[in-house]
Amino acid sequence: MQLETNLEYSLLMGLTGVSVSKHLLDEHFTLLWANDFYYDLIKYSKEEYETLFHNRPDLYYKEHQDLWNVLAGKVYETIENKAEGYELVTQMPVKGGLRWIKLTSTFTDQLQDGIPMSYTVMTDVEDIMQARLEQTIAYENLPGFIAKHKIRKDGSFTLIEANDKYKHFADVDEGSFSSFTPFSRLDEKSRKILDGHVPLMQKGESVHFVIRSGSCCGNDIWLQLNGECIGWEGEEPVYLIVYIDITDITEQRELQKKLEERSVQLKEALITAEKANQAKSDFLARMSHDIRTPMNAIVGMTAIAGAHIDDKERVLDCLNKITGASKLLLSLINEVLDMSKIESGRLNLSDDELNIGELLQDLIVMMQPEIKSKRHKLDIHVMGIQHENVIGDTQRIKQVLMNILSNAVKYTPDGGRILISIDEHPSQDGIGNYEFVFEDNGRGMEPEFLEKIFLPFERADDRLIKGIQGTGLGMSISHKIIQLMGGEIKVESEYGKGTRFTVKMPLRLQERVAAETMKIQGLSVLVVDDDQVACQGTCHCLEEIGINSEWVCSGQEAIAIAVAKKRQKMDDEHFIVIMDLKMPDMNGIETTRLLRKEIGPDIPIIILSAYDIEEYEAEAREAGANGFISKPLFKSKLLQVLKKFTEEEDLKSKASPKKLSAADYTGKRILLVEDNELNREIAVEIIGSTGVSIDTAVNGLEAVNIVSRSAEGYYQMILMDIQMPVMDGYESTRRIRTLSRSDVADMPIVAMTANAFSEDVANAVEAGMNYHLAKPIDIATLMMVLDKYL
């Protein structure tokens with residue numbers, strides 16, 4: 001789990017460019033971990049920080065006790081209020097001075113030695129704080145005096161800049177700014193007013209007050225001062241002060257009006273800048289949540305496989321689910337890398353061969369833990385699906401459907417009901433029109449929010465969902481993806497009653513031979529499910545593959561049919577019983593137990609469920625169940641399960657090991673250059689299945705030496721990692737190409753690396769490589785490359 005967490009930190013924090021740290025909530029707020037951007041921000045290296053401050057922020061703030069008191073007070077206030085975290089804009093000491101930062105901290109339930117921990121995102125807002133007034137107020141466009149002052153530690157003022165009106169009022173030119181003494185013409189009362197505001201200004205707080213001052217002409221005028229701190233020079237604040245002459249009330253009103261207009265512009269600019277910074281924090285939180293979902297499936301399925309290591313079918317099933325979750329995890333990583341394309345509308349969709357049933361099965365597996373933890377009832381209706389195999393962007397379709405289902409699960413109170421319906425409308429010109437409907441009886445949405453649900457960063461302003469995690473990006477991205485596909489997504493909702501999402505998407509049909517059917521004379525199936533629509537959908541699938549069926553909606557009815565047939569001694573007994581697991585009054589396991597007493601041991605009973613069967617499997621088998629099948633129930637899956645009980649040979653073939661490759665490169669030899677031991681082991685196992693001989697090197701320099709010492713023609717290919725100690729893959733390739741031998745000029749050298757950006761591909765070609773394979777390695781693509789060069 002620690003490895004998983006570190007991987008997640010390294011991945012997310014390295015890609016987003018945000019300073020992130022992890023702290024103990026003890027008296028020192030001890031630093032447990034920080035990414036590179038944290039140390040870049042404070043301008044101390046990790047080694048300096050540990051040596052000088054021993055990972056103790058209280059020591060780091062020792063020379064700035066007032067700033068530490070503000071930060072510590074915020075933390076203790078959050079703990080006392082039992083809040084989940086806090087936000088704070090404050091100054092922070094860095095090497096050589098102070099900088100304005102925005103702290104966003106989240107408290108967790110994690111403990112170390114009994115002490116809770118927190119995660120903090122720090123955003124540098126120095127430029128915003130310095131520029132927010134200067135960006136919106138033009139010195140010469142306001143009918144007033146404007147000057148920039150630095151407030152010294154002794155309370156005196158230094159003039160830095162001023163507009164012409166101030167220079168005329170004060171009778172000062174730019175050449176004498178350094179020797180000029182501002183506020184030298186104040187009366188005693190005004191001097192006290194100014195002195196009373198100096199301590200506030202030394203803290204960087206906004207000030208507004210009125211004083212009376214003499215002008216260069218000898219006249220006294222009343223001035224309203226509006227001062228904002230726009231930055232710091234070391235520990236001395238820099239203020240932009242607008243002086244409004246309120247001696248003439250008419251002029252004062254005009255100035256006030258224009259100042260208010262500028263103030264509105266300033267606030268809007270500041271809000272925009274703050275939203276941009278908040279978007280970074282929101283994006284980080286969203287990706288953390290989305291990555292944990294498939295990671296949970298991977299960890300869970302790995303544990304299940306380990307517990308059933310001798311059950312080949314169960315292990316193969318777990319491996320298939322792990323593969324699906326891994327692909328989704330990889331797609332999320334790619335989404336991080338492609339985020340700018342999504343936001344700018346430059347996202348390109350891929351054409352993948354996919355199966356609608358398998359895609360939905362992966363979706364249910366991903367969401368199963370959350371559905372189970374909230375005790376939701378999940379029903380799935382499959383209606384009129386004629387073509388399961390289509391062409392579309394698999395990961396983007398999963399992303400859209402995952403966003404909608406995840407929202408349904410999150411925003412439906414515990415014990416709710418979620419219904420997924422899938423339908424295929426008549427196809428035209430090889431395009432299938434598919435409709436996915438997600439309904440829930442959850443909280444619903446108010447009409448005013450429905451109008452902006454597809455806008456980015458929008459979340460319903462509902463106190464009941466304040467504690468539910470969400471960024472407001474998911475539905476906006478889903479909407480853009482469906483639009484790019486030429487489809488449509490719409491939402492209907494009634495507050496307090498539930499929500500219905502309808503997604504229509506056109507998908508190109510695969511040109512495949514129609515699925516085989518099972519037209520076996522006299523066979524029939526009894527379907528038992530409390531959901532009438534699900535019963536009809538299952539029977540429709542059975543009819544399409546040539547099997548007679550009938551259905552009932554309760555265990556009592558199923559037993560009654562069995563008893564009636566037994567009394568009448570009818571010969572047309574049901575070949576197979578398909579039994580739903582979750583039914584009211586009498587569930588599928590209890591019904592199976594009673595049915596076995598009536599029909600004996602020979603008739604197969606298959607348990608059907610949209611839920612994880614793991615916790616019910618032992619009890620179900622003990623009751624007499626022969627097998628299990630998960631919803632959604634598609635024709636191909638139903639056919640596969642039924643064949644299992646009719647063709648023993650098919651079952652044996654499924655249990656047999658699956659070869660990684662059918663290719664045979666016996667007699668060929670390649671050099672694998674990889675510094676990571678685990679990656680070497682995986683590559684040797686996969687590539688070695690083709691019969692090829694493999695030599696290995698652990699860095700680029702060793703690879704150069706091995707090739708130079710080998711006989712000409714000894715190696716037919718080199719697989720080269722890029723990031724390695726001693727010598728990287730680029731330099732190693734260049735040196736191999738320049739060896740004094742005839743075989744290296746045309747020897748295929750293939751990059752096999754986690755450096756997957758377009759510039760990395762270009763760098764590989766420039767270094768003399770023939771091909772670029774991105775990690776994690778796709779086995780089919782790897783085999784294609786081996787076939788091309790061997």
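As a basis for the values below, the full set of heavy atoms in this structure was taken, side chains included, without hydrogen atoms, waters or symmetry mates. Here the structure is a predicted model, which is why all the values come from computation and not from measurement.
- Proximity of Y39 to L41: side-chain heavy atoms (C-beta onward) are nowhere separated by under 4.5 Å.
- Side-chain contact between N699 and V673: absent, with no pair of heavy atoms (C-beta onward) separated by less than 4.5 Å.
- For H479, the ring-ring contact (aromatic ring centres under 6.0 Å, His included) partners are F454, not counting sequence neighbours.
- For F436, there are no ring-ring contact (aromatic ring centres under 6.0 Å, His included) partners, not counting sequence neighbours.
- Between Y38 and V20, the shortest heavy-atom distance links the atoms CB-O, 4.3 Å.
- Shortest non-hydrogen contact noted between S478 and V400 is OG-CA, 3.7 Å.
- Taking CG of L773 as the start and CG of L782 as the end, the distance is 6.0 Å to the nearest 0.5 Å.
- With a 4.5 Å cut-off on side-chain heavy atoms, E358 and E388 do not count as touching.
- A salt bridge is absent between K321 and D362: the closest approach of a Lys/Arg side-chain nitrogen to an acidic carboxylate oxygen does not fall below 4.0 angstrom.
- Atom CD1 of I420 is separated from atom CZ of F501 by 13.5 Å, given to the nearest 0.5 angstrom.
- A distance-only check finds a donor-acceptor pair linking the side chain of E48 to the backbone of S45 [under 3.5 Å].
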- Query: Do L401 and L405 pass the side-chain contact (heavy atoms from CB on, under 4.5 Å) test, and can you show the C-alpha distance, the side-chain angles, and the key distance before you say yes or no?
  - Reply: CA-CA 6 Å; L401 301 184; L405 180 56; over 6 Å; no
- Would you check, one step at a time, whether the test side-chain contact (heavy atoms from CB on, under 4.5 Å) holds for M752 with H772? CA-CA 6 Å; M752 197 162 69; H772 181 281; over 6 Å; no
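- Looking at Q110 and K22, their side chains come closer than 4.5 Å, going by heavy atoms from C-beta outward.
- Residues meeting the side-chain hydrogen bond (donor to acceptor under 3.5 Å, both in side chains) test with R680, sequence neighbours left out: none.
- For the side chain to side chain contact (heavy atoms under 4.5 Å, CB included) test, residues two or more places apart in sequence or in another chain that qualify with D311 are H308, E313, R314.
- Of all heavy-atom pairs spanning S689 and M783, the tightest one is OG-CE, 4.2 Å.
- Side-chain contact check for L509 versus I431: every heavy-atom pair is 4.5 Å or farther apart.
- To the nearest 0.5 Å, atom CE of residue M717 and atom OH of residue Y771 are 11.0 Å apart.
- Checked against side-chain hydrogen bond (donor to acceptor under 3.5 Å, both in side chains), K46 has the following partners two or more places apart in sequence or in another chain: E50.
- In this view, H23 and S21, L31, P57, S118, T120 satisfy the side chain to side chain contact (heavy atoms under 4.5 Å, CB included) rule, not counting sequence neighbours.
- When side chains are defined from C-beta on, T123 does not count as touching I101, because their heavy atoms never get closer than 4.5 Å.
- Partners of D675 under the side-chain hydrogen bond (donor to acceptor under 3.5 Å, both in side chains) rule, at least two apart in sequence or in another chain, do not exist in this structure.
- With Y44 as the aromatic partner, K95 meets the cation-pi criteria of under 6.0 angstrom to the ring centre and within 45 degrees of the ring axis.
- With S427 contributing its side chain and G430 its backbone, the two residues share no donor-acceptor pair below 3.5 Å.
- Across every non-hydrogen atom of L671 and Y715, the tightest pair is N-CD2, 3.8 Å.
- Residues in residues 718-732 take part in these salt bridge (Lys or Arg N to Asp or Glu O under 4.0 Å) pairs, two or more places apart or across chains: D721-K775, E731-R734, E731-R735.
- For the atom pair CG (L507) and CG (N389), the distance works out to 11.5 Å, reported to the nearest 0.5 Å.
- Under a cut-off of 6.0 angstrom, the local environment of CD in E488 is crowded, with over 12 non-hydrogen atoms contributed by other residues, nucleotides or ligands.
- In this structure, N35 and S19 approach most closely via the heavy-atom pair OD1-CA, 3.7 Å.
- Taking 4.5 Å as the limit, every side-chain heavy atom of I304 sits out of range of all side-chain heavy atoms of V315.
- Qualifying side chain to side chain contact (heavy atoms under 4.5 Å, CB included) partners for S693, counting only residues two or more places apart in sequence or in other chains: R669.
- With hydrogens and angles ignored, the 3.5 Å screen pairs no side-chain donor or acceptor of D317 with any backbone N or O of N320.
- Between the CD1 atom in I687 and the CG atom in L719 there is a gap of 5.0 Å [rounded to 0.5 Å].
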- Message: Pair I422, E435 - check side-chain contact (heavy atoms from CB on, under 4.5 Å), show working.
- Response: CA-CA 6 Å; I422 309 101; E435 182 177 271; over 6 Å; no
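- At least one side-chain heavy atom of E424 sits under 4.5 Å from a side-chain heavy atom of H387.
- Taking the side chain to side chain contact (heavy atoms under 4.5 Å, CB included) definition, one finds that D393 meets it with L349, S350, D352, Q395, R396, sequence neighbours left out.
- Using modelled atom types, one side-chain atom of N403 and one backbone atom of Q399 make a donor-acceptor pair closer than 3.5 Å.
- Residues that satisfy the salt bridge (Lys or Arg N to Asp or Glu O under 4.0 Å) test with R737, not counting sequence neighbours, are absent from this structure.
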Output side-chain donor-acceptor pairs under 3.5 Å for residues 739-751, partner residues at least two apart or in another chain, one line each.
unit_1	atom_1	unit_2	atom_2	d
R741	NE	D743	OD1	2.8
R741	NH1	V707	O	2.5
R741	NH1	S710	O	2.9
R741	NH2	S710	O	3.3
R741	NH2	S710	OG	3.4
R741	NH2	A711	O	3.1
R741	NH2	D743	OD2	3.0
S742	OG	E712	OE1	2.5
D743	OD2	G713	N	3.0

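- Atom CD1 of I722 and atom CE of M769 lie 3.5 Å apart (nearest 0.5 Å).
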